[in-house]
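Input: a single structure, listed below in structure tokens.
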Amino acid sequence: MIKTQSLTFSYEDSTDLVLDNINLNIEKGSFTAILGHNGSGKSTLAKTFNAILLPTGGSVYVGGIDTNEEDKLFDIRRKAGMVFQNPDNQMVAAIVEDEVAFAPENLGVEPSEIRRRVDECLETVGMTKYAHSASAKLSGGQKQRVAIAGVLAMQPEILILDEPTAMLDPRGRREVIRTIKRLNREQGITVVLITHYMNEAAEADRTVVIDSGRIVLDGTPKEVFENVEKIKSLGLDVPQVTELMYELKKRGIEVNSDALTVDEGFSALISLLGGAAND
Ligand SMILES: Nc1ncnc2c1ncn2[C@@H]1O[C@H](COP(=O)(O)OP(=O)(O)OP(=O)(O)O)[C@@H](O)[C@H]1O
Ligand SMILES: [Mg+2]
């Protein structure tokens, strides 16, 4: 769905490589999380995925289209929808349903089809009840879900989200992540989620860690988070449960160390305690 080949990128006013030889193949229908500390190049990479930025070297293909093809810009932007960190900067309309209708209106979609898409997309993100509400009155999590509905109304194949939960409270974060997961699982939308929350990355099928514009780790969340020392040396954390298992193991306690979620951590501890009780 997205393929980069020897992708390099520098901003105009500098010779520093912000992206350095990135080779990445993102499968259709997958859910990929991209992690990296501040300034590692995550947002820059995301912007090359829908031709907001064009490669300085190498290529990016979106659904097989080379982002360098200027006359395909429109097709690329429709295929790959972007959601950014600050919902307030993305809102253009005063009323929720107008917000969702905005993109299809600009695409010249038939009014009856716009109506259908607005209803369907608000339903998908669980915001039907707020169709006639003022966008400004919503919580951060609700605004982000409306922003996602606005992107879905273009019927994209890929959803790229650049730290969509960074400005939200824990409840808003859960709402947004649940929505994203559902879109991926139920509608088969390819998701690329940039995040600095390790627990969110643990929800993905694949986690890619970048550092100084290079891919340094790439695999399932379990494979990636096994590299506790390396992840810490990159200035990142591991999920709390992984950290706990790691610390126990370091103290010589034989525990299943690849647990990522609270449930897995719980099972690992129970089997450890059960084992101890039987001795
Ligand atoms: N418009 C720009 N012009 C020049 N340099 C830029 C520009 N935008 C970003 N940079 C530089 O490119 C590098 C990567 O920035 P980028 O925003 O892609 O990182 P990031 O991983 O998204 O960081 P964050 O976690 O803070 O969002 C940084 O060194 C940054 O200073
Ligand atoms: Mg960023």
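Both ligands and their constituent atoms are indexed starting at 1 by order of listing. Bear in mind the structure is a predicted one, so any value in this text is a computation, not a measurement.
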S30-D205 side chain donor-acceptor pair, cut-off 3.5 Å = no
Protein heavy-atom contact under 4.0 Å for atom 30 (C) of ligand 1?
-> no
Is the shortest side-chain N to carboxylate O distance from R171 to E175 below 4.0 Å?
-> yes
Using 4.0 Å as the upper bound for N to carboxylate O, is an ion pair formed by R115 and D119?
-> yes
Exercise: identify the closest heavy-atom pair between V216 and K230 = O-NZ, 3.7 Å
So, are E110 and R117 salt-bridged, with charged N and O less than 4.0 Å apart?
-> no
Give the atoms of ligand 1, by number and element, whose distance to some non-hydrogen atom of H37 is under 4.0 Å.
-> 21 (O)
Which heavy-atom pair separates I194 from P164 by the least distance, and what is that distance?
-> O-CD, 3.7 Å
With atoms numbered from 1 as shown, which atoms in ligand 1 lie under 4.0 angstrom from a non-hydrogen atom of E163?
-> 25 (O), 27 (O)
Are any of the N or O atoms of G41 closer than 3.5 Å to those of ligand 1?
-> yes
Among all protein non-hydrogen atoms, which one is nearest to atom 18 (O) of ligand 1, and what is the separation to 0.1 Å?
-> T44 OG1, 2.5 Å
In ligand 1, which numbered atoms sit nearer than 4.0 Å to a non-hydrogen atom of S43?
-> 17 (O), 18 (O), 20 (P), 22 (O), 27 (O)
Identity and separation of the nearest protein heavy atom to atom 25 (O) of ligand 1 | K42 NZ, 2.7 Å
The Mg ion (ligand 2) reached by S43 (N, O or S, under 2.8 Å) | yes
Looking only at heavy atoms of Q85, does any of them come nearer than 4.0 Å to an atom of ligand 1?
-> no
Decide whether an N or O pair under 3.5 Å exists between N38 and ligand 1.
-> yes
Using the side-chain contact (heavy atoms from CB on, under 4.5 Å) rule, take V228 and I231 through it: C-alpha gap first, then chi angles, then the decisive distance, then the call.
-> CA-CA 5 Å; V228 177; I231 287 179; 6.0 Å; no
Is any side-chain N of the basic residue among E113 and R116 closer than 4.0 Å to the acidic one's carboxylate O?
-> yes
Test of proximity, G39 against ligand 1: N or O pairs below 3.5 Å | yes
Atom 9 (C) of ligand 1: closest protein heavy atom, distance to 0.1 Å, is Y11 CE1, 3.4 Å
State the atoms of ligand 1, each with its element, that fall below the 4.0 Å cut-off from a heavy-atom position in S40.
-> 19 (O), 21 (O)
Under a 4.0 Å N-O cut-off, is there an ion pair linking R206 with D218?
-> yes
